[in-house]
Every structure is written in structure tokens, then in C-alpha cells.
Amino acid sequence: MPDYNDYRNVSDLDGDQVVVDEGHEYRGSKRRAESGTLNMARTYGYMCFLILLTAAIALLLGYAFYVWMGNNYSAANTGIMVTLVVSCVAQLVLCIAMSMSGARKGMSKRTTFMAVLYAVIMGVMMSSFTLWIDWEILGLTFAVTGLAFGGMALVGTIAKRNLRMVASIGSGLIVGALFISLFSLIFMFFAPGLLTMTYYLVIIIMFIAMLLITAVDVRRIRNIASEDNYSRDVCFYCAFRLYTDYIVIFIYALRLIMRFGGRR
């Protein structure tokens with residue numbers, strides 16, 4: 001995919017500003033670049049919709065669970081656990097379905113529906129946060145996640161070169177975190193005191209990795225948004241990719257804030 005920031009020569013042709021890549025003899029119009037900007041705005045709008053939908057479901061269902069626990073703690077506790085297990089299974093099934101329909105040529109309204117359904121199920125899962133975690137911590141985590149995501153999205157937007165190196169580093173950090181997690185099983189038997197340290201080390205590594213991956217995803221989606229076939233369904237799928245990045249960053253940020261805030 002060509003990068004509009006790599007073009008060096010600018011000329012005018014029939015009233016349109018045309019940029020030329022000397023290396024690839026590629027011509028792209030200013031109008032197309034503006035269309036890409038508009039598509040990115042739509043993508044962020046859909047992403048915000050998914051985030052707000054998840055937050056609304058989490059807050060409303062969390063409050064319902066809170067009232068239920070006040071009336072019948074035993075039944076409510078069982079109901080909450082069953083709800084969380086069912087939502088985890090449903091989320092796994094949706095992840096597989098979304099991956100299978102991930103090819104852009106295969107996008108359809110069904111993909112959009114699955115993305116919305118995924119956001120609803122994520123809200124059901126995150127409703128447990130409102131029961132056992134202080135709202136001040138949740139609000140702080142939301143703000144930290146927004147700043148972190150926004151910063152990396154800015155990096156992905158203004159980057160003039162491809163982010164292959166960043167993608168490689170992010171992938172390497174994830175692999176490293178997985179290896180550390182495996183070794184932590186050994187620590188559990190021979191050095192249990194190191195188990196907590198490795199746990200939070202993995203969280204920090206994954207948090208950094210997700211920030212890097214967010215920048216890469218934004219860069220890739222920015223390129224896709226410049227294509228002529230950037231339909232509404234493709235736009236929603238790209239928004240879903242950014243939404244999942246945001247949610248994962250939120251979860252790891254929450255664990256870190258709870259740790260440094262003295263809560264386990």
C-alpha cells in the first residue's frame with residue numbers, strides 16, 4: 001500500500017493537486033487523500049460507539065447485579081458466575097467468527113453485527129469490574145487508556161515511514177511475555193516469591209506491546225481508508241480492530257493501576 005507521506009514531487013493537473021512517487025511511478029490525488037481522512041474520522045466514530053456501548057452495558061448490568069446481590073447474595077453470586085462463563089464462551093466463538101470473516105473482500109453486514117454483539121458481550125464481562133473495583137480507579141484507568149491510545153494513534157497517523165520495525169518489536173514483546181509466563185510455572189514450585197514479580201512483569205510487557213501494536217494498526221487502517229472500496233462494513237471492521245486494541249490496553253492498565261494503588 002502506497003504511503004502518501006513518502007511522495008516528494010508535487011504538481012498540478014486539471015485543477016487537482018497530484019502527488020507523485022518517483023520510485024513507484026504512483027499518482028494519487030488530493031481528493032483521495034481527503035477521502036482517506038474522512039474515512040478515518042468515520043472509523044474513530046464507530047470505535048467510540050463500540051466503546052460507549054460496552055461501557056453502558058457494563059454500568060447498567062453491574063448496577064443490576066449490585067441490586068440483585070443486595071436482595072439475594074447467594075443466587076446473585078451464582079448467576080453472575082454463570083453469566084461471566086457464558087459470555088466468555090460466546091466471546092471466544094465470536095473471535096473465531098470475526099477472524100474467519102476478516103478478509104476485506106468478504107465483509108458484510110453480518111461482520112458489522114458480530115462486532116456490535118462482541119461489544120455487548122464485552123460489556124457483560126466488564127460489568128464485574130463495577131462490582132469489585134472502585135469507580136475512581138475505573139475512571140482513572142479510562143483516562144489513562146484514552147491518553148495512551150490517543151498518543152499511539154497519533155504516532156500511527158503522522159508516521160512517514162512504515163512501522164514494520166515497531167510491529168516486529170511488539171510481536172517480540174508478546175512472544176517474550178508468553179515465555180516468561182511459561183517460566184513462571186517453574187517459579188511457582190521452586191521460587192514462589194518470584195511469581196508475583198513475573199506476573200506484573202508480563203503485564204508491563206504486554207501493555208507496552210499493545211501500545212506499539214495500536215500504532216501499527218492505526219497506520220495500516222489509515223492506508224486502507226485511502227482505498228476506493230472502503231465501504232461501511234470495512235470501516236466498521238477497522239473500527240472493531242481499534243476497539244479491541246483499546247479494550248486490551250484498558251485491561252492491562254487497570255491491573256497496573258490496581259497494583260500501584262495498593263489493590264490486588
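Computed from a predicted structure; not experimentally measured.
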Contact between Val116 and Phe236 at the side-chain level, heavy atoms closer than 4.5 Å - yes or no?
yes
Smallest separation among heavy atoms of Arg255 and Ile203, with atom names
CD-CD1, 3.6 Å
Do Trp68 and Val85 belong together in a cluster built from hydrophobic side chains that touch within less than 4.5 Å?
no
Minimum-distance pair of heavy atoms, taken over all atoms of Ala148 and Leu211:
CB-CD2, 3.7 Å
Is there side-chain contact between Val89 and Ser87, with at least one heavy-atom pair below 4.5 Å?
no
If we only count heavy atoms from C-beta on, is the Phe250 to Phe129 side-chain gap below 4.5 Å?
yes
Arg232 side chain reached by Thr112 side chain, heavy atoms, under 4.5 Å
yes
Go through Arg220 and Asn223 one step at a time and tell me if the side-chain hydrogen bond (donor to acceptor under 3.5 Å, both in side chains) criterion holds.
CA-CA 5 Å; Arg220 290 173 177 171; Asn223 290 339; over 6 Å; no
Cys235 side, atom SG; Tyr46 side, atom OH - distance, nearest 0.5 Å
5.5 Å
Trace of the side chain to side chain contact (heavy atoms under 4.5 Å, CB included) decision for Cys88 with Val86:
CA-CA 5 Å; Cys88 285; Val86 172; over 6 Å; no
Between Ala253 and Thr145, what is the shortest heavy-atom contact and its length?
CB-OG1, 3.9 Å
Find out if a path of hydrophobic residues (ILVMFWY) with successive side-chain heavy-atom gaps under 4.5 Å connects Ile213 to Leu147.
no
For the hydrophobic clusters of this structure (ILVMFWY residues joined by side-chain heavy atoms under 4.5 Å, transitively), does one cluster hold both Met40 and Val155?
no
Main-chain N/O of Ser168 paired with Ser171 side-chain donor or acceptor, under 3.5 Å
no
Donor-acceptor pair, Asp134 side chain versus Ile137 backbone, under 3.5 Å?
no
Cluster overlap Leu212 with Met165, hydrophobic side-chain contacts below 4.5 Å
yes
Compare every heavy atom of Ala115 with every heavy atom of Phe240, then report the nearest pair and how far apart it is.
CD1-CB, 3.7 Å
Beyond-backbone contact of Thr37 with Arg222, side-chain heavy atoms, under 4.5 angstrom:
no
Atom OG1 of Thr198 and atom OH of Tyr200: how far apart are they, to the nearest 0.5 Å?
11.0 Å
Using side-chain hydrogen bond (donor to acceptor under 3.5 Å, both in side chains), reason through Tyr66 and Thr130 one step at a time and then give a plain yes or no.
CA-CA 9 Å; Tyr66 176 78; Thr130 63; over 6 Å; no
Are side-chain heavy atoms of Leu84 and Ser128 found at a separation under 4.5 Å?
yes
Would you please test Leu242 and Cys238 for side chain to side chain contact (heavy atoms under 4.5 Å, CB included) and show each step?
CA-CA 7 Å; Leu242 296 181; Cys238 291; 6.0 Å; no
Consider only side-chain heavy atoms of I, L, V, M, F, W and Y, link residues closer than 4.5 Å, and tell whether Met152 and Ile208 are in one cluster.
yes
Side chains of Thr54 and Tyr243 only: does a donor on one sit below 3.5 Å from an acceptor on the other?
yes
Less than 4.5 Å apart, any side-chain heavy atom of Leu59 and any of Tyr63?
no
Please round to the nearest 0.5 Å and tell me the distance separating atom CD1 of Ile96 and atom CG of Leu92.
4.5 Å
Residue list, salt bridge (Lys or Arg N to Asp or Glu O under 4.0 Å) with Asp217, at least two apart or on another chain:
Arg241
Heavy-atom pair with the smallest gap, counting every atom of Leu53 and Ala119
CD2-CB, 4.1 Å
Between Arg219 and Ala159, is there a donor-acceptor pair closer than 3.5 Å when you use the side chain of the first and the backbone of the second?
yes
Is there a side-chain contact between Met126 and Ile247, using heavy atoms and a 4.5 Å cut-off?
yes
Kindly check if the number of other-residue, nucleotide or ligand heavy atoms within 6.0 Å of OH (Tyr44) is above 12?
yes
To the nearest 0.5 Å, what is the distance between CD1 (Ile221) and CE (Met47)?
9.5 Å
Closest non-hydrogen atom pair between Ala215 and Leu163, with its separation:
O-CD1, 3.6 Å
As an exercise, state the distance from CD1 of Ile57 to CE of Met122, rounded to the nearest 0.5 Å.
13.0 Å
For a side chain to side chain contact (heavy atoms under 4.5 Å, CB included) check, start with the C-alpha distance between Tyr118 and Leu50, then their side-chain angles and the critical distance, and finish with the verdict.
CA-CA 9 Å; Tyr118 184 96; Leu50 293 175; over 6 Å; no
Go through Ile180 and Tyr199 one step at a time and tell me if the side chain to side chain contact (heavy atoms under 4.5 Å, CB included) criterion holds.
CA-CA 9 Å; Ile180 294 175; Tyr199 171 75; over 6 Å; no
When rounded to the nearest 0.5 angstrom, what distance separates CG in Leu254 from CG in Leu138?
6.0 Å
